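Okay, structure first, notes after.
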Amino acid sequence: MTAHIPTEIAENARAWPFEEARKIVARIGGSKPEKGHVVLETGYGPSGLPHIGTFGEVFRTTMVRRAFEQLMPDVPTKLIAFSDDMDGFRKVPTNLPNQEMLAEYLNKPLTQVPDPFGTHESFGAHNNSRLMEFLDSFGFEYEFMSSTECYKSGMFDKALLETLQRYDEIMAIMLPTLGKERQATYSPFLPVCPSTGNVLQVPIIERNTDAGTVVYEDPNGGGKVEVPVTGGHCKLQWKCDWAMRWHALGVDYEMSGKDLIDSVKQSSKICRTLGSRPPESLSYELFLDEEGGKISKSKGNGLSVEDWLRYGSPESLSLFMYQQPKRAKRLYFDVIPKNTDEYFQFLDKLEEESDEAKKVENPVWHITQGRGRGNEEKMPLSFGLLLNLASVCHAEDKSVLWGYIARYAPGATAETHPVLDQMAGYAVNYYQDFARPQKQYRAPTEQERAAFQDLVGELKALAADADAETIQTQVYEVGKRHDFENLRDWFKALYQVLLGQDQGPRFGSFIALYGRDETVELIEKALAGKDLAA
């Protein structure tokens with residue numbers, strides 16, 4: 001349950017979930033709508049497994065929902081997770097078993113395709129189950145809806161008959177957006193063939209609005225076929241389907257990717273034609289790959305939720321999704337450490353902030369539903385430091401890190417600091433899978449060699465209990481004495497020679513964690529030309 005804040009603060013909050021929520025408040029005129037609740041929706045195409053975009057959309061929509069509940073706590077809300085599982089099975093994904101068997105079911109609704117894994121009654125049901133397990137694992141509150149069930153149960157019948165009645169108006173919206181070849185065959189309705197069960201993309205040659213049927217020419221030479229548009233005998237083309245769904249379910253809010261802006265416009269026109277106001281929306285930017293290009297599922301150049309959760313916490317992923325949804329962001333392994341440390345920084349700021357109005361501008365307020373840290377311990381060191389410790393120790397297991405952590409943060413153990421223990425595990429995974437293959441150590445230049453030797457002397461002269469700040473000051477002083485054109489060059493040399501990377505943590509903090517004597521030994525190995533990657 002989200003911590004409640006004064007209505008005045010919610011009304012003036014600048015955080016984007018509140019800006020979006022105020023659109024819904026304005027839409028319903030500041031009072032409970034006639035249907036008695038507000039509906040927010042997210043869509044899922046179950047031809048594949050849930051992915052990081054699925055998480056992002058449900059998470060962001062949930063943030064809007066929680067903000068709306070702050071603004072209008074007396075108006076119930078509903079978040080629908082809608083699965084387009086009546087879509088035709090267009091191609092067999094290469095990562096599935098039983099390829100030949102699946103190929104026999106092309107063009108059938110996904111809920112009529114056998115489950116290649118053998119665990120559910122259909123491929124659509126298998127992926128729907130995975131979706132719900134996925135959403136449940138993050139604690140999302142939602143109502144699952146299946147397209148197949150909505151069509152076959154009659155839930156959509158009234159809206160489908162209204163779509164048939166306004167067929168010509170809908171065609172006038174859609175045809176100008178299509179090429180000439182597609183115009184010749186396009187129809188809002190996709191009949192489900194009574195004999196084969198296939199979802200057909202065929203021209204509609206007759207319509208009977210009184211009977212609620214459409215007629216098409218059987219592509220297999222069986223002459224004219226008349227089918228009802230209701231009861232699951234037809235489904236709609238997806239833009240029409242989207243609009244019909246908004247209309248039938250009374251959807252008040254649904255966000256979508258920037259690549260669907262034109263689709264939103266067309267579906268909104270169709271929704272109005274059906275007599276409903278299209279939902280309020282936010283067009284979010286798409287994620288980019290390592291090189292800044294568009295992520296493609298077929299190319300596999302993105303990052304999965306499972307990937308992220310091997311190297312970072314759910315909270316760090318939530319922070320990545322929360323921040324600047326209208327800006328394109330690289331979604332690659334190297335964004336995980338930054339978001340992990342920023343999460344804890346925002347968490348500390350939230351705990352220190354006394355002004356309620358400023359608290360709701362903090363991303364972590366939205367991620368934790370206003371609870372903040374709760375019983376969670378404060379992190380005594382950064383994730384970046386843990387990563388570099390794992391790197392220099394060539395850690396195979398997080399227990400290796402705890403020997404250093406316990407010295408740096410006396411009294412801290414895996415039992416007393418479970419979050420820190422979890423971060424240590426993430427750090428080892430990240431080092432093993434991602435950081436280690438990227439390491440590129442180099443030998444020091446003559447100027448750098450002299451500075452390193454000087455640093456060894458300074459470290460040996462320091463008091464045994466010297467803190468990170470004292471050590472950092474000495475590292476600075478050494479750099480100044482050796483006439484580096486820019487002190488950044490000195491620190492870059494430390495990182496490249498000792499850690500095999502271009503960037504790193506505050507070096508004083510790293511030495512305090514790793515140990516003064518251990519750092520001296522590391523520098524001496526580098527000066528002796530030994531392989532630090534071994």
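If you're wondering where the values come from, they're calculated on a predicted model, not measured in any experiment.
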Between [atom1] of [X] and [atom2] of [Y], what distance do you get to the nearest 0.5 Å?
| X | Y | atom1 | atom2 | answer |
| --- | --- | --- | --- | --- |
| T473 | D467 | OG1 | CG | 8.5 Å |
| L260 | K239 | CG | NZ | 9.0 Å |
| T61 | L79 | OG1 | CG | 6.5 Å |
| M145 | E149 | CE | CD | 10.0 Å |

Are [X] and [Y] close enough that some pair of their side-chain heavy atoms sits under 4.5 Å apart?
| X | Y | result |
| --- | --- | --- |
| R60 | M255 | yes |
| V392 | L499 | yes |
| V38 | Y253 | no |
| V305 | F138 | yes |
| V264 | S256 | yes |
| L494 | L455 | yes |
| D348 | K378 | yes |
| Y408 | L381 | yes |

Any Lys/Arg nitrogen of [X] or [Y] sitting under 4.0 Å from an Asp/Glu carboxylate oxygen of the other?
| X | Y | answer |
| --- | --- | --- |
| E396 | R436 | yes |
| R245 | E41 | yes |
| K349 | E353 | no |
| K358 | E352 | no |
| K32 | D74 | no |
| E485 | R488 | no |
| K525 | D531 | no |

Classify the side-chain pair [X]/[Y] by whether it contains a donor and acceptor separated by less than 3.5 Å.
| X | Y | result |
| --- | --- | --- |
| E57 | Y44 | no |
| T77 | E69 | yes |
| W238 | S263 | no |
| R66 | Q70 | no |
| N388 | S391 | no |

Can you tell me if [X] uses its side chain to pair, donor with acceptor, with the backbone of [Y] under 3.5 Å?
| X | Y | answer |
| --- | --- | --- |
| E377 | V419 | yes |
| W242 | C271 | no |
| H366 | V360 | yes |

Above 12 or not: heavy atoms from other molecules or residues under 6.0 Å from CD of Q503?
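Open.
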
Q. Taking only residues at least two apart or on different chains, which pairs with a member in residues 313-330 satisfy salt bridge (Lys or Arg N to Asp or Glu O under 4.0 Å)?
A.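 For residues 313-330: R330-D334.
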
Go through the structure and list residues passing ring-ring contact (aromatic ring centres under 6.0 Å, His included) with F59, not counting sequence neighbours.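 Result, ring-ring contact (aromatic ring centres under 6.0 Å, His included) vs F59: F55.
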
Y430: which residues meet the ring-ring contact (aromatic ring centres under 6.0 Å, His included) condition with it, sequence neighbours left out?
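Expected list: Y311, F434.
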
Do the rings of [X] and [Y] sit parallel, tilted or perpendicular, given the 30° and 60° boundaries?
| X | Y | answer |
| --- | --- | --- |
| H126 | F123 | parallel |
| F510 | Y514 | parallel |
| Y426 | F383 | perpendicular |

>> Less than 6.0 angstrom from the centroid, inside 45 degrees of the normal: does K492 satisfy that with respect to the ring of Y495?
In response: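 K492 over Y495 ring: no.
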
Could you walk me through whether E469 and R506 pass the salt bridge (charged side-chain N to carboxylate O under 4.0 Å, His left out) test, one step at a time? CA-CA 9 Å; E469 201 58 45; R506 280 175 61 86; 3.1 Å; yes

Test ring-ring contact (aromatic ring centres under 6.0 Å, His included) applied to F346 and W365, step by step: CA-CA 9 Å; F346 279 122; W365 187 93; over 10 Å; no

Run the side-chain contact (heavy atoms from CB on, under 4.5 Å) check on I523 and L498 step by step: do they pass? CA-CA 7 Å; I523 295 172; L498 302 179; 3.8 Å; yes

